[in-house]
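Accompanying notes for the structure given below.
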Amino acid sequence: MNIIRNIKGSKDLLPSDVCNWQALESAIHNFTKKFGYKEIRTPIFEESSLFERGVGADTDIVNKEMYSWMDQGNKSLTLRPELTAPVVRAYIQHELGKLNPINKLYYLGPLFRRERPQKGRQRQFHQFGVEVFGSPFPEQDAEVILMAYSLLKSLGLNQINLEINTIGSQDNRAEYISILQNILNDYRTHLSSLDQQRLDKNPLRLFDSKDPKCIELLEDKAPTMYKYISKDDREHFSSVCTMLDALSIPYVHNERLVRGLDYYTHTTFEITSKSLGSQDAICGGGRYDGLVEQLGGPVTPAIGFAAGIERIMLALDTDFAGESIDIFIVAMGSEAIQFGMQIAQELRLKYNLVVVVETLQRSLRSQMREANRLSAKYCIIIGQDEINKATMMVKNMQDGSQDDINKSDIINYFINK
RNA sequence: GUGGCUGUAGCUCAGUUGGUUAGAGCACCUGUUUGUGGCACAGGGGGUCGUGGGUUCAACUCCCAUCAGUCACCCCA
């Protein structure tokens, strides 16, 4: 009989992985707390139309990567492929904008996209991200970029690069795209078939092309987006840069940086890591001033980013120390185990200690090995001798010393341990 | 969806031009120590060699298919 395996592109996190994840998660929670950001948790599934309207019906995410199905009520549902649209939905639905002029939120959770797995890419993966609603000002852009950059730095990621750009308003962009298409259409035959498709479907993506001919053509013929950005937007962007300089955040202005999702406007940024392979983007974000309105909410400026937890984990490549235990209770015989469990429970409740009791009825020697394997600080040994004498043996596993303790004194023995 | 590479013990990997009983290290278990961990030594369990077919006297080894993993493309965190 075949065993059932996990779904392609999903992953089991075994206990040795989970201790790394918990360390990263608590680092994220602590970090965002210092900026006064509040966590938001939205459902794993949503109405499909949320993503069609929010992410963009032309994007690959919506077209071919969503896990969607009709439920019994004949409603199309989708496992969330990203979290900005759901957070915006919640922001609108609960009228958070009326509660507060500014909402600074963060999230952490699983997402689903049906892509071919590879390094740094899974079908179920996790993102941590930040969304801020209410501020149109460059200071807010700088704060969000500061958070993204300094969080990754504080985690110990050294080889990271921050690139920023502005892609202007939706109108600027539409104008620029049509100009770009007009110019490049004349050189259509110079492009690979893939890039020709991009030219028709999503011309900005040409700037991501890895084809040298395409790169050269864009260098020679294509004007950069920056020329078509309005004066106000340019001032906004240069204010962001000034703020980043003041905050000593190293960045590169990459005029070719475009974002994949439709909702981005104005400031965009991306953080990459060299130690990652082909999928080198660890964090991506930007402003999306039109999205709240587009999803039926009030006109609201907003900015955010998302960072891939698995990619951070890959780039970190360090093991956080596993947790050791305080006391292992070595018990021989059922009377001893019963008593050991009572003691263990008292120690847990009274001193908040981590206490593990033998439940496998192993030999003393095996139990001691187990205690060592678990890095126990102490063993409490209860055998027939101890039961007869109404005592128990406490062994300090670091120095090997042993004490005979009266049954009634055992709890007090650990008062300062 | 397309292409490259890889599937041998729980893990990391050896396995000769096809040759009879498939190995090592780590991990696990037992013992040396009849009630004491780490170190050392001795022993032990664990594999339908991913799966199915084919070639052959003989397949872990060669061929085909399939599944899985992985890397890359597309796209994205």
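Each chain gets a letter, A, B and so on, in the order its sequence line appears, and its residues count up from 1. Only a predicted model underlies this, so the values are computations on that prediction, with no experimental measurement involved.
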Pairs counted only when both distances fall under 3.5 Å, Watson-Crick or G-U: show me the 5' to 3' dot-bracket for RNA chain B, [ ] for pseudoknotted crossings and | for other-strand partners. (((((((..((((.....[...)))).(((((.......))))).....(((((..]....))))))))))))....

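Aromatic pair A/Tyr378/A/Phe414: ring centres closer than 6.0 Å. For A/His29 and A/Tyr106, the ring centers are positioned less than 6.0 Å apart. Between A/Phe128 and A/Phe31, the ring centre distance reaches or exceeds 6.0 Å.
A donor and an acceptor atom, one from each side chain of A/His236 and A/Asp141, are located under 3.5 Å apart. Of the N and O atoms on the side chains of A/Ser401 and A/Asp399, at least one donor lies less than 3.5 Å from an acceptor on the other residue.
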Decide yes or no on side-chain hydrogen bond (donor to acceptor under 3.5 Å, both in side chains) for A/Asn372 and A/Arg369, but give the supporting numbers first. CA-CA 5 Å; A/Asn372 192 60; A/Arg369 278 188 183 159; over 6 Å; no

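A/Gln367 comes within 4.0 angstrom of no nucleic acid atom, judged by non-hydrogen atoms across all strands. Counting any heavy atom pair closer than 4.0 Å across all strands shown, A/Phe125 reaches a base atom.
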Can you give each donor-acceptor pair under 3.5 Å made by side-chain atoms of residues 332-343 of chain A, sequence neighbours left out, with the distance rounded to 0.1 Å?
none

Would you tabulate the nitrogen or oxygen pairs shorter than 3.5 Å linking the protein to nucleotides 1-11 of chain B?
{"from": "B/rU2", "atom 1": "O4", "to": "A/Arg116", "atom 2": "NH1", "distance (Å)": "2.7"}

Please tabulate the protein-to-nucleotide N/O contacts below 3.5 Å involving nucleotides 36-46 of chain B, giving atom names and distances.
{"from": "B/rU36", "atom 1": "O2", "to": "A/Lys395", "atom 2": "NZ", "distance (Å)": "3.1"}
{"from": "B/rU36", "atom 1": "O2", "to": "A/Gln402", "atom 2": "OE1", "distance (Å)": "3.0"}
{"from": "B/rU36", "atom 1": "N3", "to": "A/Gln402", "atom 2": "OE1", "distance (Å)": "2.6"}
{"from": "B/rU36", "atom 1": "O4", "to": "A/Gln402", "atom 2": "NE2", "distance (Å)": "3.4"}
{"from": "B/rG37", "atom 1": "OP1", "to": "A/Arg365", "atom 2": "NH1", "distance (Å)": "3.1"}
{"from": "B/rG37", "atom 1": "O2'", "to": "A/Asn372", "atom 2": "ND2", "distance (Å)": "3.2"}
{"from": "B/rG37", "atom 1": "N7", "to": "A/Lys395", "atom 2": "NZ", "distance (Å)": "3.2"}
{"from": "B/rG37", "atom 1": "N1", "to": "A/Met397", "atom 2": "O", "distance (Å)": "2.6"}
{"from": "B/rG37", "atom 1": "N2", "to": "A/Asn372", "atom 2": "OD1", "distance (Å)": "3.2"}
{"from": "B/rG37", "atom 1": "N2", "to": "A/Met397", "atom 2": "O", "distance (Å)": "2.7"}
{"from": "B/rG37", "atom 1": "N3", "to": "A/Asn372", "atom 2": "OD1", "distance (Å)": "3.2"}
{"from": "B/rG38", "atom 1": "O4'", "to": "A/Asn372", "atom 2": "ND2", "distance (Å)": "3.0"}

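At whole-Å resolution of the value, CG in A/Asp404 and P in B/rG35 are 17 Å apart. In this structure, the CG atom of A/Leu152 is 11 Å from the C1' atom of B/rA77, given to the nearest Å. The CG-P distance, from A/Leu24 to B/rA77, rounds to 18 Å in whole Å.
Side-chain N/O atoms of A/Gln118 include one lying less than 4.0 angstrom from OP1 or OP2 on B/rA72. A close approach under 4.0 Å does not occur between any side-chain nitrogen or oxygen of A/Thr59 and OP1 or OP2 of B/rC75.
When the side chain to side chain contact (heavy atoms under 4.5 Å, CB included) test is applied to A/Gln93, the partners found at least two apart in sequence or on another chain are A/Arg89.
Sorted by first then second residue, the ring-ring contact (aromatic ring centres under 6.0 Å, His included) pairs that include residues 7-27 of chain A, not counting sequence neighbours, are A/Trp21-A/His126.
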